[in-house]
Amino acid sequence: MRLYEEGLIYRGDYIINWCPRCHTALSDLESEHEEVQGGLYYIRYPFKNGRGHLTVATTRPETMLGDTAVAINPEDPRYKDLADDTLVLPLLGRELPIIRDAYVSLEFGSGALKVTPAHDPHDFDLGRKHGLAAIRVMDDSGRINELGGTYAGLDRFEARKRVVADLEAQGLLEKHEVHLHAVGHCYRCKTMVEPILSQQWFVKVGPLAAEALQAVQEGRTRIVPEMWTNTYHEWMTNIRDWCISRQIWWGHRIPAWYCGCGEVIVSRTTPQACPKCGGAELKQETDVLDTWFSSALWPFSTMGWPDQTPELKKFYPTSCLVTGFDILFFWVARMMMMGIKFMDQVPFKDVCIHALVRDASGQKMSKSKGNVMDPLIIMDQYGTDAFRYTLAAFAAQGRDIKMSEERIAGYRNFVNKIWNAARFTLMNLQGDREAGAGLPPTLEDRWIISRVNRTAAEVAAAIDDYRFNDAASALYQFTWHEFCDWYLELVKAPLYNHDDPARQAAARRTLGEVFSRLLRLLHPFMPFVTEELWQRLPGAEGSVMLAEWPNGEPQEVDPQAEAQMELLMAVIGAVRNIRGEMGIAPGQALPVVLMSHEDSARQVLESQAPRLTALAKIASLDWAVEGEPPAQAASAAVAGVTVYVPLTGLVDFAAEVARLDKEIAKLEKEITPSRNKLANEGFLAKAPAEVVEKEKAKVAEIASKMERLAASRQRMRAFM
RNA sequence: AGGCACGUAGCUCAGGGGGAGAGCGCUACCCUGACACGGUAGAGGUCCCGGGUUCAAAUCCCGGCGUGCCUACCA
């Protein structure tokens with residue numbers, strides 16, 4: 001009503017997109033252009049004076065039945081001296097004036113354009129400009145009507161064939177070329193849209209769009225990822241009036257009444273009599289509003305508008321709308337227009353455009369194409385949580401998703417991993433998470449607490465930025481490769497040591513705490529399994545949905561513990577590498593000798609000897625005096641520490657030399673770019689000091705490793 | 001036709017000026033007391049091509065080639 005009163009809604013005769021199957025008008029958006037192979041027909045229109053003809057080109061010969069003129073470009077040299085200014089329309093014999101308009105392209109077709117104002121939007125404009133009649137020759141089902149002469153009653157495609165055949169028979173078809181062009185199709189039923197002259201209701205969107213555009217330009221509404229603002233801008237700038245009449249049976253009926261005297265009454269209440277003639281014979285408009293028009297009011301109409309309800313006050317404008325790009329115009333832009341118009345404020349602060357799931361070849365999934373992946377089947381197969389996690393992991397900004405079942409299976413495995421980690425955790429907690437306070441934390445305690453806090457901070461930051469894939473992968477990495485791979489293995493030692501119940505309890509405490517935080521962090525991505533496990537976690541109350549969200553406590557980040565763990569993991573990795581590369585059975589415990597000139601490293605490793613021994617499967621752990629390595633041993637170099645595995649008896653010296661060669665070659669490849677940089681004077685002069693320092697430290701570390709490995713290699717060679 | 005993306009391991013994809021990453025797949029070994037939907041170790045890359053900017057380019061700029069999407073009335 002308000003829009004009508006302000007002149008922003010009007011009724012008018014225009015060419016609209018008509019679906020001959022749905023029997024309704026469509027907006028420009030609902031007409032989807034699709035490339036089709038059509039024909040370009042060159043048809044001879046004879047001059048009235050009988051001397052020759054003018055050839056016009058058209059893709060839709062059947063519309064010639066509604067022609068009311070032929071247009072040429074006034075600049076066209078071919079048509080400078082025409083024999084006559086009047087043509088005779090073939091088949092029907094109607095006389096057609098030749099009009100001159102710069103709109104006609106000199107390059108396309110024959111340079112002569114047949115004008116059918118009732119069946120083409122541009123012809124309609126031309127018709128208005130030149131005062132031509134508009135003859136509508138088709139009915140609402142796409143059949144030729146009584147104005148189409150002998151073609152009356154034929155379907156539009158049938159009519160085309162007949163028209164072409166008849167023209168050919170009369171020698172009026174000059175030629176016929178194959179022609180690719182984009183043709184509108186009904187978004188609902190894919191029927192070819194027919195542009196038809198018709199009286200409909202329209203919204204004058206210009207002023208509304210200008211405001212909606214400005215809101216985004218001024219940042220009152222932010223579109224994420226930003227690249228979509230271009231698209232939004234483009235569309236808002238080139239927008240045409242919006243046809244909102246629909247001849248369908250669902251939707252809001254347009255509140256307009258027609259009186260026999262010709263008066264149109266638009267009213268909030270049902271009018272009793274015509275204000276002009278007093279007549280009581282009023283008929284309400286049968287058309288309904290486009291559903292997108294109605295739903296443009298959604299952000300406020302759902303909260304009691306036009307009343308100023310408490311809900312409306314509190315929740316408008318909303319914080320974030322999450323949607324797909326294909327809805328950006330249909331709905332988002334229109335909610336913006338209406339929100340600003342009626343609420344004086346944008347409907348949402350952020351619009352988050354998420355990725356669209358496409359099929360394996362990048363096609364948009366659609367039922368009619370038959371390339372849909374049924375989420376119910378997938379969830380049945382891999383689990384709802386796995387499916388949801390996959391979508392989150394794939395949801396990188398600005399990119400669509402080609403769904404891959406392998407990835408879903410990978411996340412199913414992840415869910416399973418968590419389930420098993422939970423079994424381990426719950427089994428060991430023995431119903432108690434509270435005991436064990438007071439003992440100083442072990443290295444693995446400090447480390448995992450530090451890591452879970454870093455992860456929490458990372459997840460929080462990622463979610464704030466709508467980088468759901470970053471959040472998902474941070475959690476995956478932490479859960480599997482830190483919590484499960486390292487922490488759970490390390491914590492087994494205190495957990496299984498019944499001789500030290502206090503330490504055992506302390507271990508339980510940390511385990512329970514970290515696992516509890518992990519469940520809370522995972523919950524948004526994996527709601528079902530985490531809730532199930534939460535219910536079994538001792539000390540957890542209520543639903544995990546309501547549990548406190550871990551944001552990451554900076555004071556619980558412990559860089560020293562992380563550095564020490566890094567050393568421990570490197571040494572364990574070195575022993576395992578030797579075991580794997582030398583083909584030593586996993587079950588065989590190995591003697592290990594360490595050598596280091598760094599007291600701090602030695603201290604850490606000595607204090608962690610039990611963990612080191614357990615995870616690297618070590619039979620005996622000894623320290624060598626510097627410069628006196630064990631004679632026959634495989635070796636590895638980590639930062640600050642050299643690792644020896646004496647292999648007397650079962651050692652294969654050639655294999656060890658080969659292993660060291662490979663390792664040295666790898667380091668060589670790593671060190672070269674850094675050495676080159678340091679040899680570059682420009683780098684030393686212009687690069688930031690910390691970058692130069694970093695390169696130097698890197699070169700020093702790798703060089704040290706290489707030296708130690710080379711020394712080992714030399715010793716091994718002596719035994720060959 | 002115009003616009004916007006994308007081209008990184010065999011496949012699916014992150015990253016985005018200073019040490020090439022993940023999942024799956026692959027190779028070898030292992031049913032180790034949470035987990036074989038698993039563990040340990042490993043192989044695998046001209047970051048599409050060509051220029052440019054820079055001390056430094058997979059990353060920024062320009063031009064190609066290829067792919068996808070969106071918009072569009074050339075009858």
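All of these numbers come straight from a predicted model, not from anything done at the bench. Quick note on labels: first sequence line is chain A, next is B, and so on, each numbered from 1.
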Decide whether a cation-pi geometry holds between A:R388 and A:F414; the criteria are a distance under 6.0 Å from NZ or CZ to the six-membered ring centre and an angle within 45° of the ring axis.
no

Side-chain atoms of A:R576 come closest, of B:C29, B:A41, B:G38, to B:A41

Could you check whether A:L684 gets within reach of a base, just the sugar-phosphate, or nothing at all, counting any heavy atom under 4.0 Å?
nothing

Using a 4.0 Å heavy-atom cut-off, does A:K617 contact any base of the nucleic acid, only the sugar-phosphate backbone, or nothing at all?
nothing

Comparing A:E681 with A:R423, nearest RNA chain B nucleotide closer to 5' gives the residue A:R423

Under 4.0 Å between a side-chain N or O of A:N577 and OP1 or OP2 of B:G42?
yes

Examine distances only and state if a side-chain atom of A:Y487 and a backbone atom of A:V514 form a donor-acceptor pair shorter than 3.5 Å.
no

Reckon A:E32 touches a base, only the sugar-phosphate, or nothing at all at heavy-atom distances under 4.0 Å?
nothing

Looking for any heavy atom pair under 4.0 Å, which part of the strands does A:A421 touch: base, sugar-phosphate only, or nothing?
base

Letter by letter from the 5' end, nucleotides 16-23 of chain B scores (B base, S sugar-phosphate only, - none; protein heavy atoms under 4.0 Å) --BB--BB

Under a 4.0 Å heavy-atom criterion, the protein footprint on nucleotides 70-75 of chain B, written with B, S and -, is S-BBBB

Rounded to the Å, how far apart are A:F414 CZ and B:G38 P?
12 Å

